Enquirer: 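Below are the C-alpha cells for one structure; questions will follow.
Below, chain A is the first sequence line, B the second, and so on; all start at residue 1. This is a predicted model, so every value here is computed, not measured.
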Amino acid sequence: MSGHRLLDSLNDAQREAVTAPLGPVLVLAGAGSGKTRVLTHRAAWLILEHGVSPHGLMAVTFTNKAAAEMRGRIESLLDMPADPLWIGTFHGLAHRMLRRHWREAGLPQSFQIIDEDDQQRLVRKIIREQKLDEQRWVPREVQQFINAHKDEGRRSKKLEDRGDPTRRQLIRLYALYEARCEQAGVVDFAELLLRCHETLQNVPDLGAYYRERFRHILVDEFQDTNGIQYDWLRLLAGRTGAAFVVGDDDQSIYRWRGARVENMQHFRREFGATVYRLEQNYRSTQVILAAANAVISRNSDRMGKELWTAAKGGEPIRVYAAFNERDEADFVIERIREHERRGLPLAAAAVLYRSNAQSRAFEEALMAARIPYRVYGGLRFFERAEIKDALAYLRLTQSRADDISFERVVNLPARGIGGATLEQVRTHARDRAVSLWEAGQAMLPSLPSRAAGALRGFFGLIDRLAADIAPMPLEEQVRHVIQASGLRDHHAKEKDHKGEARVENLDELVNAAEGFAPESDDGLTPLGAFLAHATLESGETQAATGADCVQLMTLHAAKGLEFPTVFLVGLEEGLFPSEHSAFDADRLPEERRLCYVGLTRAMQRLYLTHAESRRIYGHTSYRDPSRFLSELPPEALEDVRPRISVSRPLYSAPGPAIVRRGPVAEASETRRRSRAAAPLAGEDVPMRLGSRVRHPKFGEGTILRFEGSGESRQVHVNFEDAGQKWLMYELARLERIS
DNA sequence: GTGCGACGATTTTAG
DNA sequence: ATCGTCGCAC
C-alpha cells in the first residue's frame with residue numbers, strides 16, 4: 001500500500017491527524033471516532049511516507065490485548081511483519097529495557113516480577129515483623145501508599161514526614177519494603193516503570209541511545225497515564241520530541257488507580273503539541289449520542305469535544321423502572337429474547353453494571369432462562385492460587401533468593417515445616433539481611449532434628465528440581481515441577497471437585513508452556529521468559545471463547561468495546577453513582593464519565609434500568625433513580641410499561657428526593673413515575689438523600705442512604721464529627737436542617 | 001499441623 | 001449473601 005492509498009479510508013479529521021507534521025501531536029478522540037485507526041495509520045504513514053524505520057518506532061498501550069491488536073493492524077496496513085517495531089504496554093516495554101540493561105539498573109539478571117497479590121503478602125510480612133498492629137497499619141493501605149508514590153515517581157527517601165507520625169511510619173515501611181525487594185531480587189509493577197525511568201536518567205548513554213533510536217513514539221489511551229508513565233515518555237521523547245498521543249479526557253475512569261487526566265493538558269502545554277479532534281462517531285445512533293453528549297456536558301474542565309454522526313435518528317432509549325433486581329433481570333431477559341428474534345447473535349447484547357455484585361441476579365435469571373452468558377472479570381488464569389504455587393516452585397529453581405516464592409511453597413504441600421521453625425528462619429534472615437533460603441541453610445545444624453529434616457527435604461527438593469529440569473524443554477520443565485513438587489498429587493487428593501479443577505488448571509499450565517513463544521531478544525531463558533510472561537500477562541488474552549453468549553461486565557471492563565444492544569442497569573443513587581462518590585464533588589465527574597462510557601458502548605439499542613428496591617449484601621435497600629437519568633434529554637427517552645397510577649415525576653430535580661408527594665390526579669406529561677418509589681409507601685418522610693440533618697448526640701451530618709422498611713428502617717448518615725453511622729430511623733430523632 | 005467457626009469487609013482493576 | 005482471614009481447639 002502506498003502512503004496515499006493509506007489515507008483513502010479516512011475521514012478529513014482522521015486524515016489530518018494521521019498526516020500531521022512531525023512533532024508533538026495530541027489527538028482528542030471521542031468514543032467510536034476511529035482512535036485506533038488513526039494510531040495505526042499514523043504508524044504506517046510514518047514508515048511509508050516519511051521513511052521512518054520500524055526500528056525507530058515505539059507504540060505504547062495499556063493492555064496486552066490492545067498491543068496485540070495494534071501490532072496486527074499495523075502489519076496488515078504495511079502488509080508485512082513489523083517485528084522490529086516496539087509495541088507493548090508501558091510495563092512490558094519497561095520490562096524489556098530492564099532485561100537488556102539489568103546491570104545498569106542495578107538488578108540481578110534473574111530478577112522476578114511480583115504481582116499485587118505477592119506485593120501485599122510482602123507488605124503484610126514486613127508489618128508483622130515490625131510488630132505493628134495490622135488493624136492500624138492495614139497491609140492494603142500501606143501497599144496503596146507505596147504504589148501511589150511509586151506511580152508518581154517518588155522513592156521513600158524523597159518523602160518527608162512533615163512531622164506527621166503516621167506518615168513517618170508509612171515512609172519507614174515503604175523503605176523497608178524497597179530494601180526487601182532489592183534483597184529478594186524482585187520488582188513490582190510500579191517498580192518496572194520507576195526503575196526504568198531512573199536508569200534511563202542516571203545512565204546518560206542509555207537515555208541518549210533510546211532517545212536517538214525512538215524518534216517516534218505513539219501512545220494510546222493517554223488519559224490513563226500516571227505520573228511516572230508521563231515522565232518516562234518525556235524522558236524518551238525529549239521535551240519536544242515526536243510523541244503522538246491519543247486519548248479522551250471524557251473517558252478517564254481510572255483516577256483511583258493513579259491515572260491523571262491532567263496529563264493531557266500538561267502534554268499539550270509542555271510539549272507544545274498540536275491538537276486534533278476526532279468528533280465524528282461511527283458507532284452509535286444520533287439518539288444515543290445526544291444522550292451521551294447531554295450527560296457529559298455537565299462536567300466542567302473538559303478539553304471540549306462533541307460527538308456527532310452522519311446517521312440520523314435511531315430508536316429511543318428505553319427506560320425501565322423495575323420493582324427489584326429480579327424484575328430488572330426479567331426485563332433484560334425479555335428484551336434479549338426479542339433481540340434473538342431479530343436474528344441477532346447473543347454476543348451482540350451486553351449487560352453493563354457498576355459493581356460486580358450486581359451480576360448475580362442476571363446470572364441467575366439467564367441460567368433459569370437457559371440463555372448462555374459470560375461474565376467478564378474475576379480471577380484470571382495466572383492469578384489462581386494453584387498456578388501461582390507452581391510458578392513459585394519454578395521461580396525458586398531459578399532464584400533461591402526469591403523469598404516471596406519461598407514463603408509461598410516452603411510448606412505446600414505440607415511437609416512438616418511449621419510456623420515456629422519458619423519464624424526462626426525469618427528472624428535469622430532479617431538480622432543478617434540474607435534470603436530465607438540462605439538463613440534456612442545456615443540454621444540447619446541448630447534446629448530440632450525433625451524441623452531440620454523437613455527443611456533439608458525442601459532444600460533438596462528445589463535443588464533436585466533445578467538440576468532435573470535444566471536440560472528439558474520448557475513444557476517438560478513445567479510438567480516435571482508440577483509433578484515432582486507434589487503439587488499435582490496434593491490437589492488430586494482433595495475430595496471435592498474443586499481439587500479436580502485445580503489439577504486441570506495445573507495441566508493447563510503445561511499447555512500454556514507448550515504454546516508459549518517467547519519474544520526474541522530479552523536474553524532470557526525460555527523458562528525465564530515464561531515466568532515474566534505469567535506475571536506481566538495474567539492470561540486475559542487467551543480468555544476469548546467462541547461461544548455465542550450474552551456479555552456481562554462492569555462499566556470499567558466495557559471501555560473500548562461496543563455492542564449493538566446495551567443494557568445499562570442499576571441506575572440508582574448510591575449504586576451508580578456509587579455511594580462513595582455521590583456526595584463527593586471531586587469524584588462525581590468520574591462517575592459521570594463512567595456513565596458516558598456506558599452510553600457510548602451502544603450502537604443501536606440502549607436500555608436503562610433502575611430498581612426501586614434491591615437486595616445487596618444480604619439486605620434490602622431502597623434507592624432513588626440515578627441523577628444521571630435526570631441528566632438525559634427527555635426527548636431521547638421512552639418509558640417502558642408506563643402505569644396509570646402516579647406519584648411524582650421521575651426525572652425532576654438534580655437531587656434525588658425521597659419525599660413522597662401525595663397522589664396526583666393524572667399524568668399529564670410524557671413520563672410519570674410508574675409506582676411509588678419511596679421506601680415508605682404511604683408515609684411522609686421529610687428527609688431525602690443528601691439532606692442535612694442534626695442529631696442530639698452526633699451533631700450535624702448528611703444522609704447517605706436509607707435501608708429497610710417499617711420499624712426496621714435504617715438511615716445511613718455521615719456526621720461531620722462522629723463519622724458515618726447507621727441509625728434506626730424511627731428512633732434516631734433526626735432533625736432536618738436543610 | 002489441620003480444621004472449623006467467628007468475624008469483617010464488600011466500587012471500579014491492567015500490568 | 002458470601003468470601004477470605006484469623007484464632008483457637010483438636
Enquirer: Let's see if you can work this out: which of dT2(B), dT12(B), dG15(B) has an atom nearest to the side-chain heavy atoms of T554(A)?
Expert: dT12(B)
Enquirer: For I253(A) and dT12(B), what is the distance between atoms CD1 and P respectively, to the nearest whole Å?
Expert: 13 Å
Enquirer: Out of curiosity, L352(A) CG to L599(A) CG, how far, rounded to the nearest 0.5 Å?
Expert: 10.0 Å
Enquirer: Quick one: CD1 on I387(A) to CZ on R380(A), what's the gap to the nearest 0.5 Å?
Expert: 14.0 Å
Enquirer: Give the ring-plane orientation class for F516(A) versus H533(A), where under 30° counts as parallel, over 60° as perpendicular and anything between as tilted.
Expert: tilted
Enquirer: Using a heavy-atom cut-off of under 4.0 Å over every strand shown, decide if G377(A) touches base, sugar-phosphate, or nothing.
Expert: nothing
Enquirer: What's F189(A) touching, base or sugar-phosphate or nothing? Going by heavy atoms closer than 4.0 Å.
Expert: base
Enquirer: Determine whether Y177(A) and Q119(A) satisfy the following criterion, side-chain contact (heavy atoms from CB on, under 4.5 Å), listing intermediate values before the conclusion.
Expert: CA-CA 9 Å; Y177(A) 170 79; Q119(A) 187 187 33; 3.1 Å; yes
Enquirer: Remember a base hit wins even if backbone is also touched, and classify S578(A) as base, sugar-phosphate or nothing at under 4.0 Å, heavy atoms.
Expert: base
Enquirer: For the pair made of CZ in R255(A) and C1' in dA14(B), what is the distance, rounded to whole Å?
Expert: 19 Å
Enquirer: Rounded to whole angstroms, how far apart are NE2 on H533(A) and P on dG15(B)?
Expert: 11 Å
Enquirer: Taking OP1 and OP2 of dT13(B), is either one under 4.0 Å from a side-chain nitrogen or oxygen of N356(A)?
Expert: yes
Enquirer: OP1 or OP2 of dA14(B) sitting under 4.0 Å from any side-chain N/O of N64(A)?
Expert: no
Enquirer: Provide, to the nearest angstrom, the distance between the CG atom belonging to D115(A) and the P atom belonging to dA14(B).
Expert: 12 Å
Enquirer: Summarise how protein sits on nucleotides 1-10 of chain C as a single string, 5' to 3': B when a protein heavy atom is under 4.0 Å from the base, S for sugar-phosphate-only contact, - for no contact.
Expert: BS---S----
Enquirer: Can you check the H619(A) NE2 to dA9(B) P distance for me, whole Å?
Expert: 14 Å
Enquirer: Give a yes/no answer on whether the side chain of R380(A) brings an N or O atom under 4.0 Å of OP1 or OP2 in dT13(B).
Expert: no
Enquirer: Please report the distance, rounded to the nearest Å, between NE2 in H490(A) and C1' in dG1(B).
Expert: 13 Å
Enquirer: If you assign each of E590(A) and G418(A) to its closest nucleotide in DNA chain B, which residue comes earlier from the 5' end?
Expert: G418(A)
Enquirer: In terms of relative ring orientation, are W86(A) and Y210(A) parallel, tilted or perpendicular, with 30° and 60° separating the classes?
Expert: tilted
Enquirer: Please answer whether dT13(B) and Y254(A) are stacked, defined here as ring centres separated by less than 5.5 Å and planes angled under 30°.
Expert: no
Enquirer: Any donor and acceptor pair, going by atom type alone, linking the side chain of R601(A) with main-chain N or O of L568(A) inside 3.5 Å?
Expert: no
Enquirer: Just to be sure I understand the rule, does L93(A) reach a base, reach only the sugar-phosphate, or reach nothing, if contact means heavy atoms closer than 4.0 Å?
Expert: nothing
Enquirer: Nearest 0.5 Å, please: how far is CH2 in W102(A) from CG in L524(A)?
Expert: 11.5 Å
Enquirer: Take the protein atom CG of D224(A) and the nucleotide atom P of dG15(B), then report the distance between them rounded to whole Å.
Expert: 12 Å
Enquirer: Could you state the atom-to-atom distance from CG of L536(A) to P of dA14(B) in whole Å?
Expert: 14 Å
Enquirer: Let me know, please, whether N411(A) or A190(A) comes out on the 5' side of the other along DNA chain B by nearest nucleotide.
Expert: N411(A)
Enquirer: Can you tell me how far apart CG (L192(A)) and CZ (R96(A)) are? Round to the nearest 0.5 Å.
Expert: 14.5 Å
